[in-house]
Amino acid sequence: MATTQTPVPLRDTLRARARRLARLVTTPLVPGDYWSILDPLGSSTDLRGRVEAVLPETADAATLVIRPGRGWAGHKAGQYLRIGVDVDGVRQWRSYSLTSPPRPDGTVTITVKALPGGTVSRFLVHHLQAGTVVQLDQAAGEFTLPATRPAKALFVTAGSGITPVMGMLRDGADRLDDVVLVHSAPRPEDVIFGAELRGLAARGGLRLVERHTDVDGVLDPAELAVLVPDMTERETWACGPNGMLDALQDAYDAAGSGQRLHTERFRPALVAVGDGGTVTFTGSAVTAEADGATSLLDTGESRGVLMPSGCRMGICFGCVVPLREGAVRDLRDGQVTSAVPGDGVLVQTCVSAAAGPCQLDI
Amino acid sequence: MTTIQKQANNQIAHLSAEDIERIGVELDAIREQVIAGRGADDAAYIRRVITTQRVLEMGGRTVLLASLFPPAWFLGTAALTVAKILENMEIGHNVLHGQWDWMRDPKIHSTTWEWDHATPAEQWKHSHNQLHHTYTNVLGKDNDLGYGIMRVDEGQRWHPFHLGQPLWNFVNACIFQYGIAAYDLELGKNLAKSRRGAPEFRARVKQTLRKIGQQVTKDYVVHPLLSGPSAATTITANLTANFIRNLWSHSVIMCGHFPEGVETFERTSIEGETRGEWYLRQMLGSANISGSRLMHVMTGNLSYQIEHHLFPDLPSNRYQEIAPKVRDLFQRYGLSYTTGSLPRQVASAWKKVIRLSLPNNFFGHSEPVRPRGAAPAPVVMRVPNTPEAELVSTSSR
Ligand SMILES: Cc1cc2nc3c(=O)[nH]c(=O)nc-3n(C[C@H](O)[C@H](O)[C@H](O)COP(=O)(O)OP(=O)(O)OC[C@H]3O[C@@H](n4cnc5c(N)ncnc54)[C@H](O)[C@@H]3O)c2cc1C
Ligand code: FES
């Protein structure tokens with residue numbers, strides 16, 4: 001087959017040359033290291049964003065309006081965003097569901113609930129100042145509405161689990177023919193987006209069932225079946241504590257509708273604990289004692305190792321590192337993976353802990 | 001100075017093994033305090049220094065585009081010189097020590113940082129962090145003692161070659177960054193016929209040459225070319241900035257371990273060394289420089305060499321804060337804390353280089369006089385509430 005050469009436009013060649021020249025004058029750094037002083041959002045390789053506002057939602061939740069910098073590829077409602085912030089001088093990354101639909105002004109929002117003792121969530125809700133520049137990663141996640149919208153939809157959420165669903169509702173899910181939202185929160189005033197949801201329901205956009213667990217108790221699938229008798233016939237999106245999601249999954253599986261249920265988890269379900277061991281991060285010349293419950297990711301990070309990470313809960317594989325030697329335990333099921341020198345088995349550091357001495361290639 | 005173990009009246013003779021371990025426990029406590037208090041202010045400090053350095057550098061280089069005009073040359077060269085010094089001293093050296101790794105910012109991390117220096121960061125980290133900081137002032141182990149070309153201790157054997165060492169030292173000062181690159185490559189040892197062809201050595205030479213190539217291209221080719229008619233004067237500006245930085249960093253580093261009063265150690269003395277003994281060696285093997293805040297920043301806080309050697313990975317901005325505590329510890333245990341102004345320490349170091357270019361006892365007297373007199377009278381106190389068990393566990397580390 002003959003190939004045709006499309007001439008490269010002159011402007012592109014000039015730009016490429018200018019870039020190469022800029023590299024030569026800025027070595028050993030890159031031009032962006034200097035440029036970002038003037039324009040922190042201008043880098044396309046290091047995605048950053050500026051927090052434009054922090055809006056309180058409830059006593060312990062707030063919405064962050066963020067303007068992502070150059071290189072932001074957009075998102076689909078229901079997806080989440082990884083954000084890196086410096087808390088007490090230390091870079092911390094966490095995931096938060098996007099609560100805004102894709103908007104023409106280019107800003108996005110996330111809504112964070114401060115957890116007792118939570119390093120990042122409390123910082124974002126109570127201390128973050130508008131104007132702060134934060135690190136971002138592209139939106140990710142499969143917890144989205146399909147292109148062909150379902151005729152009947154059910155959303156089951158609890159606490160901060162409303163966030164991805166709010167993103168979908170704001171993106172037009174309320175215009176579906178038949179939408180039910182069953183949301184649990186301790187008290188009426190704890191319902192994040194309470195007023196907006198009640199308004200939507202009043203306008204007929206959806207049927208809203210609010211559960212206040214302080215008086216009603218925790219929702220179980222049997223009660224849900226009473227509230228929404230045709231629940232397993234509905235395309236269902238659920239987000240909340242792992243216990244609730246596990247129970248729902250069992251109920252849908254039992255009804256043969258397992259594939260109709262889509263879940264989003266905010267944290268991994270960790271069960272296994274064993275003996276820890278000495279972890280050596282070979283590339284960083286760091287050695288640490290770790291117990292059997294602390295993830296290799298946390299162990300490395302606490303010693304200043306530049307650990308790659310993503311969702312921090314075992315789904316994205318953004319944290320894998322070669323295990324050079326020794327044994328690690330998967331905290332989700334207790335399975336032990338071991339490697340002999342030269343193996344380099346890839347392990348997910350966010351859900352694995354040392355199971356004896358081990359060496360990681362980082 | 002002779003290695004401490006060979007001195008008739010050495011300044012650690014009065015310390016018992018328990019005293020030494022207690023010093024270790026006290027120093028560990030100082031370290032823990034700083035680590036517990038590291039936070040947003042420290043992070044803001046290093047980011048501010050980095051931003052200042054980058055603005056100065058780019059500002060200087062921009063002004064130099066008109067370097068044909070003498071005031072522009074002076075202003076641009078001054079800015080570039082200060083930027084280059086900050087880059088190597090307060091930023092590069094300290095980032096490469098891992099002092100800022102705790103921030104977990106991939107842009108300010110010892111594993112990702114590359115500096116404005118002839119030697120590649122990776123090679124420097126090995127020879128400096130792993131060899132020099134581990135074997136500080138141990139004769140035959142710490143090649144920083146005279147960089148393998150000079151005799152800076154009575155315990156080193158004299159050779160007629162050393163007659164020229166004042167000259168070697170001066171030449172090394174002028175081209176210091178290349179001297180360090182050669183030193184990191186262990187050129188002397190590796191150029192011996194048997195090793196010259198070793199693939200590992202050749203790979204490292206290639207890496208260094210590549211780095212030097214990039215540095216030279218930046219300072220002496222691209223920047224001058226961008227200056228157009230000012231090309232020649234931009235070359236002299238870059239030469240000047242690099243030259244002044246060489247002299248400056250050479251002087252600062254000489255002050256760290258060469259002045260009179262700094263102790264050296266026998267190779268055998270570090271076998272089975274405890275944590276306390278390691279600390280003690282760092283305390284006696286280093287010397288500080290006293291001066292203004294600006295001077296400390298320009299030396300990369302290596303003016304707190306003693307504190308730096310005790311805690312190489314603590315953030316440099318904290319050395320100033322812990323110095324009084326460390327000094328108090330020296331006092332209490334009857335050890336001498338070597339410090340002096342920059343001119344005085346530089347002169348002291350040079351005097352040693354010149355004196356030791358001649359064989360020992362050349363002028364007849366046996367031991368050189370201690371310039372800072374005898375160590376203070378020991379006030380050895382027991383640390384209250386230090387359980388014996390803790391001492392044992394520390395010493396067995
Ligand atoms: C895909 C995804 C989307 C997410 N979206 C949101 C969102 O929209 N809004 C939101 O507020 N959070 C969301 N999270 C959770 C968020 O990423 C953090 O885990 C949470 O904010 C806690 O971080 P922290 O640093 O404050 O707590 P940490 O300091 O990490 O933990 C403090 C304590 O809280 C416990 N803990 C950690 N996570 C949770 C949790 N989710 N629930 C209960 N206890 C927990 C820990 O075990 C620990 O004891 C999401 C997580 C994922 C994986
Ligand atoms: S960080 Fe996503 S799998 Fe580990």
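Chain naming here is simple, since letters A, B, ... match the order of the sequence lines and numbering starts at 1 in each.
Contacts between T111(B) and chain A at a heavy-atom distance below 4.5 Å involve the side chain alone, from C-beta outward. Heavy atoms closer than 4.5 Å to chain A are found in both the backbone and the side chain of D105(B). With a 4.5 angstrom heavy-atom cutoff, L226(B) touches chain A only via side-chain atoms. Contacts between Q135(A) and chain B at a heavy-atom distance below 4.5 Å are absent for every atom of the residue. I37(A) touches chain B through its side chain: at least one heavy atom from C-beta onward sits under 4.5 Å away, while N, CA, C and O do not. For L29(A), the part lying near chain B is the side chain, with the backbone staying farther off; criterion is any non-hydrogen pair under 4.5 Å. Contact annotation for S302(A): only backbone heavy atoms (N, CA, C, O) come within less than 4.5 Å of a heavy atom of chain B. Proximity to chain A is limited to the backbone of W115(B), based on heavy atoms less than 4.5 angstrom apart. S110(B) does not touch chain A: none of its heavy atoms, backbone or side chain, sits under 4.5 Å away. E57(B) touches chain A through its side chain: at least one heavy atom from C-beta onward sits under 4.5 Å away, while N, CA, C and O do not.
For the pair E301(A) and R104(B), the salt-bridge criterion is met [side-chain N within less than 4.0 Å of a carboxylate O]. Salt-bridge annotation for E114(B) and K211(B): present, with a side-chain N of the basic residue lying under 4.0 Å from a carboxylate O of the acidic one. By the 4.0 Å N-to-carboxylate-O rule, K84(B) lies too far from E87(B) to be salt-bridged with it. A salt bridge links R61(B) with D219(B); the closest basic N to acidic carboxylate O contact falls under 4.0 Å. We find that R48(A) and D39(A) are not joined by a salt bridge, their nearest charged nitrogen and carboxylate oxygen being 4.0 Å or further apart. Look at R31(B) and D313(B) and you find a salt bridge, because one of the NZ, NE, NH1 or NH2 atoms lies within 4.0 Å of a carboxylate O, short of that distance.
In terms of heavy-atom proximity, L64(B) sits nearest to S230(B) at O-CB, 4.2 Å.
For the options D46(A), D33(A), L21(A), D86(A), heavy-atom pairs under 4.5 Å to chain B are most numerous at D33(A).
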### Task
Step by step, work out the side-chain hydrogen bond (donor to acceptor under 3.5 Å, both in side chains) result for H126(B) and H132(B).
CA-CA 9 Å; H126(B) 172 72; H132(B) 167 58; over 6 Å; no
### side-chain hydrogen bond (donor to acceptor under 3.5 Å, both in side chains) between S352(A) and D330(A), intermediate numbers included
CA-CA 4 Å; S352(A) 306; D330(A) 191 316; 5.2 Å; no
### Task
Would you please test D116(B) and R245(B) for salt bridge (Lys or Arg N to Asp or Glu O under 4.0 Å) and show each step?
CA-CA 11 Å; D116(B) 180 50; R245(B) 179 174 68 184; 3.0 Å; yes
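Along residues 33-41 of chain B, the residues that come nearer than 4.5 angstrom to chain A, judged on non-hydrogen atoms, are R38(B), G39(B), A40(B) in order of number.
Under the side chain to side chain donor-acceptor pair (under 3.5 Å) criterion, H133(B) pairs with H97(B), H128(B), H308(B), not counting sequence neighbours.
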